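A note on names: the letters A, B, ... follow the listed sequences, proteins ahead of strands, and every chain is numbered from 1. Everything numeric here is computed off the predicted structure, so don't read it as measured data.
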Protein chains: 2
Amino acid sequence: MSVARRPGADHCGVAAAMAVIDGKWKVSLLWELQQRPRRFGELRRLVPGISEKVLAAQLRELETDGIVHREVYDEVPPRVEYSLTPLGRELDEALSSLGAWGTRHLLPAPAPQPA
Amino acid sequence: MSVARRPGADHCGVAAAMAVIDGKWKVSLLWELQQRPRRFGELRRLVPGISEKVLAAQLRELETDGIVHREVYDEVPPRVEYSLTPLGRELDEALSSLGAWGTRHLLPAPAPQPA
DNA sequence: CGGGATCCCAATGGATACTG
DNA sequence: CAGTATCCATTGGGATCCCG
């Protein structure tokens, strides 16, 4: 998204971070990329429901914000790999406490495991 | 926003948390409420640019999600106070590492203080 | 295979006026 | 004061087709 739409993104760290991860699919993309580098078509399959246009758009925004790296291999058939930058990895870590909170309070309690 | 628009919000803590704080002004509201309870008109002034309709809407979403508490005082003139619930405070803490990341990497470096 | 170009829609949010 | 009601502008995102 545009930072312009995030009030306070120029003076508040949370708002600035939100501006970067805003976008319907970005956290899913972060999640997939944090595991290993992925190709375009791979991501399309891993993130069901996303359209090609939007996938390309959100990847490019993440790239612009320095979160993902786009590596183009000059082969045929074409191959492009997306991976997290160091900054992207840090973001992922910063998100972990938020994820823990969400898991603790918002997600349905997991069924107790039998001994 | 609606959880429905957040892919994975039913199984991923980060997505679930994002669903709760999604909304153009919610982090600003969290920021103001974390300091002390606030009245409606107070928030309207503290968060410049927000309209009454949107302020009311986002407050009610936060209330529905258990983040803010709405206390109505039966007086005249009417008075309503909004405050963070314990859950809201936890969310605020969970956001701190994200805020630190944003401050570190996205915000313009603060001018060095003279000794 | 990895996208760019278009067209379309629904949801979010802005402005303003009105009410208990 | 604390909202609701109404109307409207923006835009993120979906669908599809096309191209190197």
Side-chain angles (χ1 to χ4, degrees), chain A residues 1-9 15 18-30 32-33 37-65 68-83, chain B residues 1-9 15 18-30 32-33 37-65 68-83:
Chain A
M1 66 135 14
S2 59
V3 167
R5 287 206 65 214
R6 267 293 149 191
M18 290 291 300
V20 164
I21 53 178
D22 192 359
K24 186 169 174 180
W25 308 96
K26 287 190 184 171
V27 311
S28 300
L29 293 174
L30 251 41
E32 299 300 341
L33 293 176
R38 300 289 194 180
R39 303 183 52 179
F40 187 90
E42 229 178 329
L43 289 171
R44 198 152 60 87
R45 265 171 281 114
L46 287 166
V47 182
I50 194 172
S51 73
E52 299 182 347
K53 165 194 157 186
V54 175
L55 175 55
Q58 308 231 338
L59 282 172
R60 228 169 306 112
E61 286 187 21
L62 288 171
E63 193 193 353
T64 298
D65 291 327
V68 311
H69 171 69
R70 182 172 182 268
E71 183 77 31
V72 182
Y73 298 87
D74 195 359
E75 307 172 353
V76 42
R79 182 161 67 103
V80 179
E81 276 196 354
Y82 296 89
S83 56
Chain B
M1 69 136 12
S2 58
V3 168
R5 287 205 63 213
R6 267 294 149 189
M18 290 291 301
V20 165
I21 54 179
D22 192 358
K24 186 171 175 180
W25 308 95
K26 287 191 185 170
V27 311
S28 301
L29 292 175
L30 252 41
E32 300 300 340
L33 293 177
R38 299 289 193 180
R39 303 181 54 176
F40 187 89
E42 229 179 328
L43 288 171
R44 196 152 56 91
R45 266 172 280 115
L46 286 166
V47 182
I50 196 172
S51 73
E52 298 181 347
K53 165 191 157 186
V54 175
L55 176 54
Q58 307 229 339
L59 281 172
R60 218 155 320 114
E61 285 187 23
L62 288 171
E63 193 193 352
T64 298
D65 290 328
V68 312
H69 171 68
R70 181 171 183 269
E71 183 77 30
V72 183
Y73 298 88
D74 196 358
E75 307 172 353
V76 43
R79 182 161 67 103
V80 179
E81 276 195 356
Y82 296 90
S83 57

B:Ile21 has an atom CD1; how far is it from atom C1' of C:dT12, in whole Å? 17 Å
Test of understanding: with salt bridge (charged side-chain N to carboxylate O under 4.0 Å, His left out), list the residues that count as partners of B:Glu52, not counting sequence neighbours. B:Arg44
Go through the structure and list residues passing side-chain contact (heavy atoms from CB on, under 4.5 Å) with A:Pro37, not counting sequence neighbours. A:Glu81, A:Ser83
Atom CZ of B:Arg60 and atom C1' of D:dA2 are separated, to the nearest Å, by 11 Å
Between A:Arg45 and C:dC1, is there a side-chain N or O to OP1/OP2 distance below 4.0 Å? no
A:Glu81 CD - C:dG2 P separation (whole Å): 10 Å
Calculate the interatomic distance between B:Leu43 atom CG and D:dC1 atom C1'; express it in whole Å. 13 Å
Nearest-Å distance for atom pair CD/P, residues B:Glu75 and D:dA2: 10 Å
Are any of B:Arg39's side-chain N or O atoms less than 4.0 Å away from OP1 or OP2 of D:dC1? no
Could you check whether B:Arg44 gets within reach of a base, just the sugar-phosphate, or nothing at all, counting any heavy atom under 4.0 Å? nothing
Scan nucleotides 13-20 of chain D against the protein and return all N/O pairs shorter than 3.5 Å with their distances rounded to 0.1 Å.
unit_1 : atom_1 : unit_2  : atom_2 : d
D:dG13 : OP1    : A:Lys24 : N      : 2.5
D:dG13 : OP2    : A:Gln58 : NE2    : 2.8
D:dG13 : N7     : A:Lys53 : NZ     : 3.4
D:dG13 : O6     : A:Lys53 : NZ     : 3.4
D:dG14 : OP1    : A:Lys24 : NZ     : 3.1
D:dG14 : OP2    : A:Trp25 : NE1    : 3.3
D:dG14 : O6     : A:Lys53 : NZ     : 2.1

Which residues pass the salt bridge (charged side-chain N to carboxylate O under 4.0 Å, His left out) test with B:Lys24, not counting sequence neighbours? none
When rounded to the nearest 0.5 angstrom, what is the spacing between NE2 in A:His69 and CG in A:Leu62? 14.0 Å
Within the structure shown, what part of the strands sits under 4.0 Å from A:Tyr73 by heavy-atom distance: base, sugar-phosphate, or nothing? nothing
Take the protein atom CE of B:Met18 and the nucleotide atom P of D:dG12, then report the distance between them rounded to whole Å. 14 Å
Measure CZ/B:Arg79 against C1'/D:dG3 and give the value in whole Å, please. 16 Å
Which heavy atom of B:Leu55 sits nearest a heavy atom of B:Phe40, and at what distance? CD2-O, 3.7 Å
Test: salt bridge (charged side-chain N to carboxylate O under 4.0 Å, His left out). Region: residues 68-77 of chain B. Which pairs qualify, not counting sequence neighbours? B:Glu75-B:Arg79
Among all residues two or more places apart in sequence or in another chain, which pass the side chain to side chain donor-acceptor pair (under 3.5 Å) test with B:Asp22? B:Arg6
Just how large is the angle between the end axes of the helix from C:dC1-D:dG20 to C:dG20-D:dC1, five pairs per end, to 10 degrees? 50°
How would you list, by chain and number, every residue that makes a side chain to side chain donor-acceptor pair (under 3.5 Å) with B:Glu42, sequence neighbours excluded? B:Arg38
Return the value, rounded to whole Å, for the distance between atom CG of B:Leu55 and atom C1' of C:dG14. 13 Å
Please report the shortest heavy-atom distance between A:Pro48 and A:Trp25, naming the atom on each side. O-CZ3, 3.9 Å
